[in-house]
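Please read the structure below before turning to the comments.
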Amino acid sequence: MESICLVEPSPDSGTLQVNPAALSFLKALAGRLWVVAIFGPKGTGKSFLLDQLVGQDKGSPHSPGIWLHCSPHPTRPDETLLLLDTEGLPEKMEKDEKSISFKLFLLDVLMCNIFIYNTKGAWNAQEELDKLTYMKMLPDKVRVLEDCPLVNRFLLSSMLPNFVWCLRDVASEESVLQDVAGNLDVTISPPAVSASENTTISYIQSLFPSQKVFCFCPPHVDGKEGEAVSSDILHPVFQARLCSLKYYILNQRPKNSPGSRFSNGKDWSATLERFAGLLSLNEPIIVNESFDPQAAAFYQVPPPSSSRAAPRMVQPNNMEEPMCLIENNPGEKLQVNQEALQLLQRINQPVVVVAIVGLSHTGKSYLMNKLAGKDKGGFSLSATAQANTKGIWMWCRPHPQKPDHTLVLLDTEGLGDVEKPSSSHVTKLTELIKVKASGRQNCEEEDEIPDDFVCFFPTFIWAVHDFTLQLELDGRPISGDEYLENALRRRKGSPEKLDVIKKYICEYFPSRKCFVFDRPATRQELVHLEDLPERKLNPNIIEEAHRFRSYIFETAEAKIIPGGHTVTGTFLGHLAATYVDAIHSGPILCIGDAVLALAQVENSAAMHDRVKRYEEMVALKLMLPTETVEELMEVHMECVKEAIQVFLDCALKDEGQEYQKQLKDQIQTKLEEIGSHNEQESLDRCKAMLWELFWDLEEKIRNGSYAVPGGYQHFLEDQRKTVERYHQMPQKGLMASIALQDFLKSKETAAQFILQADQNLTDQKKIKVEEAQAAASEREAELQRQLGEQIQRMAEDNEAQLKAELEEEQRRQQSEGSEIVKTS
């Protein structure tokens with residue numbers, strides 16, 4: 001997609017406007033989001049770097065605000081990569097919380113998974129980072145717990161993104177370029193900065209969970225100023241660093257924020273709007289108020305609620321005081337209190353559930369407080385005609401005798417409350433419950449209680465208060481249990497409809513117990529029963545209360561449902577919500593249907609949880625890329641075996657193994673995704689290695705070092721040595737050979753040029769030698785000719801001279817003969 005303005009600042013008013021068109025686009029994104037934000041001074045190439053990461057050359061706009069570029073995630077189908085390009089920082093960052101630059105900085109940090117700080121030019125590490133003064137202002141402007149400044153910084157670090165520092169245009173001879181991705185504390189030269197110092201670096205190290213440094217040489221091959229416009233002419237080392245940065249970004253996991261996993265564009269855009277609105281008003285951002293109630297519960301901070309005071313809680317299974325779970329307001333339907341429901345669903349331990357019902361003012365809350373181990377506080381006690389308990393109140397406490405179990409106490413409003421009509425929902429619940437046996441089409445076909453559904457119903461305990469009679473039957477002493485069983489026996493001649501309650505108690509509750517309590521104190525003292533010291537209570541009731549507590553703690557087991565599945569707080573919360581919805585939807589609550597519907601929800605959640613857990617286990621045990629497919633498959637088999645076994649242990653009524661099959665299919669899909677990711681990781685890493693290893697060879701090609709006769713052989717020898725170095729490099733992954741093959745294939749054209757040049761230069765040399773030899777031969781022949789001519793001339797001269805001398809000699813002799821004749 002084309003880049004679009006996401007957040008537009010208004011310098012005059014200092015407000016931030018979120019572009020409605022961008023919001024509409026974001027809200028349509030259904031998959032998870034990977035968000036990368038870049039921030040830094042003007043003119044450092046932020047937009048250029050993001051363009052190269054997504055493979056576009058035309059550049060992004062340079063308008064003010066934050067611009068959004070969206071593209072599909074290259075290795076994760078149905079997920080989206082969002083790039084946030086922010087306007088350049090001013091030369092000097094002033095400590096002004098109302099400045100536009102600081103507000104844009106906060107949005108980047110809060111909304112992304114990876115925060116890139118981009119700087120350029122000659123640098124001193126500490127001086128460069130000290131310019132980012134906004135880091136020191138961050139903890140004061142963004143808080144997790146408004147009233148806990150000491151722990152705010154610690155909690156904030158769990159929500160912030162990974163910090164990446166991109167150092168641009170570092171000279172190629174810098175030693176820091178040798179590291180693909182260094183740690184911040186390693187890159188910064190001594191003296192080391194102490195984490196306790198009040199410096200920008202110390203804030204970065206304490207606030208951000210991870211800090212990385214990527215160093216880039218200038219992007220141009222020739223080192224010219226400005227930025228390349230095409231990836232085809234980028235410096236190979238720059239391209240290698242780019243591959244390393246992209247590899248790091250895509251290898252990180254989306255950051256899960258408490259209460260909101262930013263699972264889609266709708267959630268993410270809603271959070272962006274809220275943060276932008278708060279910053280426009282110059283208000284601090286209280287993070288737990290910006291998420292749903294589950295986020296607040298994560299930090300043990302109850303969200304704003306209704307007029308009812310929210311209880312103070314430390315952890316879900318150790319509540320300081322009870323809270324309403326099922327609200328029963330006059331004239332309204334039963335309603336689940338979402339705050340209490342979310343708290344209950346956070347309990348992953350098995351739960352032992354004790355519920356109490358009965359007439360108003362019969363001491364229900366008193367007994368429940370004893371079970372909770374509280375003499376004061378707790379469930380409200382009432383000594384007036386008006387009942388204090390409305391609806392069903394819940395109190396979760398650690399089980400005193402069963403480690404890793406939670407005791408859930410449910411105190412119910414009194415039956416027969418003078419303020420409640422006789423048709424109250426709570427008083428008629430037992431009339432609405434039916435059970436559907438296997439093979440039945442609906443609940444009304446069977447009135448009997450099937451044997452396989454007996455486990456739905458708990459142990460029945462009858463607590464008889466203010467008992468003044470003698471426990472005797474036919475003149476002999478009896479126990480409380482015998483008193484109960486005698487009371488449940490049908491009387492001869494009694495109409496059957498008068499014994500319906502006895503019938504259903506016997507059928508619904510095969511396990512029964514009875515405790516008989518005397519009056520705890522005098523009528524006058526009952527008004528102050530909650531504050532009455534134990535020494536003033538009736539000793540008999542104290543002893544019976546102790547037996548009551550011991551019996552429940554020792555015999556009451558964790559709640560189970562058909563199939564033998566143990567109920568946790570999470571499951572109990574779902575069960576409560578399901579039952580209330582079922583009561584609203586029809587005149588009859590069919591337990592079998594409710595459990596089946598809940599099973600579908602639980603199994604789907606368990607399946608998705610196991611798939612996610614499988615991914616986490618593979619990521620934990622496997623370092624990508626792997627050297628072989630077998631290494632990946634070994635970890636896969638180990639993780640899938642555990643995932644399926646854990647799913648089977650918690651699966652509910654998956655009789656046709658439908659969800660188990662879906663789990664296997666989804667894990668197989670994840671395996672294919674991991675396999676593709678593994679191959680891509682290997683290719684990216686190998687490409688980065690090859691670019692760096694072949695850098696010297698590329699330089700020789702550009703410098704013409706091989707443009708000499710015999711240069712092709714020198715090229716092949718250098719290439720062979722480089723390939724040997726590549727083979728010696730560790731952790732290349734299973735695509736090492738393919739990556740090398742593709743890389744060498746991409747260099748075949750250059751190799752052919754070198755070979756052709758070598759051949760041409762060799763042929764030219766041969767011609768020159770032949771020409772030199774011919775010229776030498778010609779010169780030799782000419783010398784021979786000239787020498788022959790010279791010899792001939794010399795011979796002719798000698799012959800002429802000799803002839804002349806002979807003629808002269810003849811003339812002399814003739815002259816001498818003439819003289820002799822004359823003389824004689």
Side-chain angles (χ1 to χ4, degrees), residues 4-23 26-27 33 35-41 46 63-68 82-90 92-117 132-146 149 152-153 155-157 159-161 163 200 203-204 207-208 255 257-260 262 265-292 295-296 303-304:
I4 183 173
C5 183
L6 178 63
V7 179
E8 184 177 1
S10 176
D12 296 335
S13 62
T15 58
L16 303 176
Q17 299 294 328
V18 183
N19 184 4
L23 287 178
L26 287 168
K27 291 176 181 179
L33 304 180
V35 188
V36 180
I38 192 165
F39 192 79
K46 301 185 299 297
S63 302
I66 299 177
W67 284 72
L68 169 70
L82 299 184
L83 302 179
L84 305 183
D85 188 7
T86 311
E87 68 176 72
L89 279 169
K92 185 176 181 181
M93 285 177 277
E94 299 181 357
K95 292 186 177 181
D96 182 7
E97 291 186 355
K98 298 182 180 180
S99 70
I100 291 295
S101 295
F102 178 59
K103 294 177 181 179
L104 295 178
F105 164 78
L106 290 178
L107 281 183
D108 277 346
V109 169
L110 292 173
M111 299 304 300
C112 71
N113 306 319
I114 296 179
F115 177 79
I116 299 177
Y117 179 53
L132 192 59
T133 56
Y134 292 161
M135 284 294 177
K136 297 181 182 180
M137 303 160 61
L138 177 59
D140 295 329
K141 191 67 175 179
V142 181
R143 307 167 198 166
V144 179
L145 299 179
E146 184 174 12
N152 182 66
R153 196 162 168 177
L155 293 176
L156 190 59
S157 67
M159 301 184 62
L160 294 185
F163 179 87
T200 301
Y203 274 79
I204 294 173
L207 288 175
F208 292 84
K255 183 181 177 182
S257 299
S260 175
F262 291 163
K266 182 179 180 181
D267 297 334
W268 191 86
S269 57
T271 305
L272 173 66
E273 281 190 286
R274 174 165 176 78
F275 285 164
L278 290 172
L279 293 174
S280 296
L281 297 173
N282 297 316
E283 294 288 338
I285 296 177
I286 311 300
V287 178
N288 72 66
E289 294 179 358
S290 302
F291 297 102
D292 61 19

Problem set entry | Side chain to side chain, N19 and L6, heavy atoms closer than 4.5 Å | no
Problem set entry | Residues in side-chain contact (heavy atoms from CB on, under 4.5 Å) contact with S280, at least two apart in sequence or another chain | T15, L16
Exercise. Does some side-chain heavy atom of Y203 sit less than 4.5 Å from a side-chain heavy atom of L138?
Worked result: no
Exercise. Atom CE in M111, atom CG in L106: separation rounded to 0.5 Å?
Worked result: 12.5 Å
Problem set entry | Close side-chain approach of K141 and F102, heavy atoms under 4.5 Å | yes
Exercise. Side chains of V109 and P161: closer than 4.5 Å at any heavy-atom pair?
Worked result: yes
For this session: List for me each residue that meets side chain to side chain donor-acceptor pair (under 3.5 Å) alongside N282, sequence neighbours excluded, and say none if there are none.
Result: K103
Exercise. How long is the gap from CD1 on I116 to NZ on K46, to the nearest 0.5 Å?
Worked result: 11.5 Å
Exercise. In Å and rounded to the nearest 0.5 Å, what is the OG to OH distance from S99 to Y134?
Worked result: 3.5 Å
Seminar exercise, completed: Nearest heavy-atom approach of I4 to A21 is CD1-CB, 4.1 Å
Exercise. What's the spacing between L84 CG and L107 CG if we round to 0.5 Å?
Worked result: 9.5 Å
Exercise. Does the side chain of T86 come within less than 4.5 Å of I38's, by heavy atoms?
Worked result: no
Exercise. About how many Å separate CG of L272 and CG of L23, when rounded to the nearest 0.5 Å?
Worked result: 6.5 Å
Problem set entry | Side-chain heavy-atom pair M135, F163 within 4.5 angstrom cut-off | yes
Problem set entry | From K136 atom NZ to I204 atom CD1, the distance as rounded to the nearest 0.5 Å | 10.5 Å
Problem set entry | Contact summary for G65 and P9, nearest pair of heavy atoms | CA-CD, 3.4 Å
Seminar exercise, completed: What one should report as the nearest heavy-atom pair of N113 and L33 is ND2-O, 3.4 Å
Exercise. Is L26 close to W268 at the side-chain level, that is, under 4.5 Å between some pair of heavy atoms?
Worked result: yes
Problem set entry | Heavy-atom check, side chain of F105 versus side chain of Y117, under 4.5 Å | no
